[in-house]
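Each chain gets a letter, A, B and so on, in the order the sequences are listed, and its residues count up from 1.
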Number of protein chains: 2
Amino acid sequence: MNATPQWLSPAEQDAWRSFIRLHQKLTATLVRDLQANCKVSGADFEILVALTDTPDGRQRFQDLAKSIDWEQSRLSHQIARMCKRGLVAREECAEDGRGAFVVLTAAGRDTIESAAPHHVATVRRLVIDPLGPDDLATLGRISSRILTQLDNG
Amino acid sequence: MNATPQWLSPAEQDAWRSFIRLHQKLTATLVRDLQANCKVSGADFEILVALTDTPDGRQRFQDLAKSIDWEQSRLSHQIARMCKRGLVAREECAEDGRGAFVVLTAAGRDTIESAAPHHVATVRRLVIDPLGPDDLATLGRISSRILTQLDNG
DNA sequence: GCAATACTCTTGATGCGTCATGGATATCCT
DNA sequence: AGGATATCCATGACGCATCAAGAGTATTGC
């Protein structure tokens with residue numbers, strides 16, 4: 001039932017390896033840039049951005065996890081670390097005794113407000129500008145296509 | 001000296017977020033697939049593939065690190081873990097007292113030979129087939145472009 | 001009511017990745 | 001030759017990601 005060739009053709013292999021390599025190198029570069037210039041990890045940044053998206057900088061654990069597609073326990077560990085550094089705080093949930101809120105602190109807000117412009121500038125320089133609008137749109141379209149496939153199993 | 005707009009336009013943001021999301025989800029899926037079906041991590045797989053690329057499954061630390069673009073200490077830690085599980089072994093280097101070789105063991109060879117076909121099939125199913133040759137080539141081209149930018153700083 | 005079940009979050013163990021540091025050997029320079 | 005320097009690899013500390021297990025609280029169904 002498997003008529004497709006087992007190995008990748010040279011052209012497929014080229015494309016795939018470029019993509020994987022890009023994948024690894026871009027992540028490493030962006031994370032390093034954030035850490036060196038803004039003292040936040042990629043994980044910190046993602047949490048802070050997600051919290052900033054809500055008007056009061058407060059979100060239930062569950063909702064936050066869903067909005068950034070993280071597993072519960074990963075979020076729990078991450079929030080524990082960020083609490084220790086004062087970037088966010090926990091709050092109990094009145095309506096549901098099991099639940100809890102994550103709240104952006106003043107320090108957290110300061111951090112993200114100074115980190116975000118720097119990060120955007122880096123993304124522009126490394127990705128958006130070298131590609132130009134057409135290729136960027138193509139990249140977005142291709143990404144969505146693969147994402148759909150991933151979501152369908 | 002910064003005439004470019006600070007934030008991303010909605011179109012830019014869409015494309016960028018799709019790409020990042022793809023990035024994260026694809027990695028997670030592939031790693032999980034390898035771990036669940038073949039009992040190897042992504043890091044294990046990368047090492048084993050690189051070693052298989054040489055005729056005798058032996059490589060100096062340094063050369064291995066360069067060929068997969070890893071930091072030296074990352075490789076050292078990884079090899080230590082893989083030694084413990086018997087996938088590779090260390091060998092001293094006669095010509096250079098500081099140096100060392102990493103050698104594929106029989107168990108390591110078995111592992112990669114059973115994992116590789118499975119992995120290729122997954123990559124086909126999730127990425128190569130849904131894209132088709134043209135989009136795959138485009139993805140490769142775009143990836144190379146960004147990689148060049150990364151390498152130039 | 002209340003027992004069974006489901007939900008929400010936490011915790012501990014383990015592997016991975018980076019940084020800073022260090023020990024050993026080789027090479028270079030005078 | 002011998003000291004300075006560079007190269008090669010190892011190690012420890014710390015943060016991050018996943019998995020398995022668990023504690024407390026709500027909900028469901030009888």
Non-hydrogen atoms of B:R125 and B:P130 that approach each other most closely: O-CD, 3.3 Å
Which residue lies more 5' along DNA chain D, comparing B:R74 with A:W70 via nearest heavy atoms: B:R74
What's the CD-P distance between A:Q35 and C:dG17, to the nearest Å? 17 Å
Tell me: CD of B:E71 to P of C:dT21, nearest whole Å? 15 Å
Between B:K25 and A:D151, is there a side-chain N and carboxylate O pair less than 4.0 Å apart? yes
Parallel, tilted or perpendicular, as decided by the 30° and 60° cut-offs, for the rings of B:F19 and B:W16: tilted
Does A:R98 get its side chain close enough to the base of C:dC9, under 3.5 Å, for a donor-acceptor pair? no
Calculate the interatomic distance between B:I68 atom CD1 and C:dG17 atom C1'; express it in whole Å. 13 Å
Tell me whether the side-chain N/O atoms of A:Q72 come closer than 4.0 Å to OP1 or OP2 in C:dT8. no
Could you check which of C:dC16, C:dG12, C:dC9 has an atom nearest any side-chain atom of B:S41? C:dC16
Taking 5' to 3' order, which nucleotide of DNA chain D is first and which is last to have an atom within less than 4.0 Å of a heavy atom in chain B? D:dT7 to D:dC19
Salt bridge check: are A:R81 and A:D44 linked by an N-O gap of less than 4.0 Å? no
Taking the side chain of A:R32 as its heavy atoms from C-beta onward, which of C:dC19, C:dC9, C:dA13 lies nearest to it? C:dC19
Nearest-Å distance for atom pair CD/C1', residues B:E92 and C:dA24: 12 Å
Strictly below 4.0 Å: does B:S73 bring a side-chain N or O up to OP1 or OP2 of C:dT18? no
OP1 or OP2 of C:dT14 less than 4.0 angstrom from a side-chain nitrogen or oxygen of B:R81, does that happen here? no
Using heavy atoms to find the nearest nucleotide of DNA chain D for A:L75 and A:A94 separately, return the residue whose nucleotide is more 5′. A:L75
In whole angstroms, the gap separating C1' of C:dT18 from CD of B:Q78 amounts to 14 Å
Run through the side-chain heavy atoms of Ile, Leu, Val, Met, Phe, Trp and Tyr, join any pair under 4.5 Å, and report what else lands in A:I79's cluster. A:L34, A:V40, A:F45, A:I47, A:L48, A:V49, A:L51, A:F61, A:L64, A:I68, A:W70, A:L75, A:M82, A:L87, A:V88, A:V102, A:L104, A:I112
To the nearest angstrom, how far is B:I79 atom CD1 from C:dC16 atom C1'? 13 Å
Below the 4.0 Å mark, does C:dC9 have OP1 or OP2 next to a side-chain nitrogen or oxygen of A:Q62? yes
Rounded to whole Å, how long is the line connecting atom CG of B:D69 with atom P of C:dG17? 13 Å
How bent is the helix from C:dG1-D:dC30 to C:dT30-D:dA1, measuring the angle between the end axes built from five pairs each, rounded to 10°? 10°
On a heavy-atom basis, which atom in B:C93 and which in B:R60 lie closest, and how many Å separate them? SG-NH1, 3.4 Å
Does a salt bridge link A:R32 with B:E71, judged by any charged N lying under 4.0 Å from a carboxylate O? yes
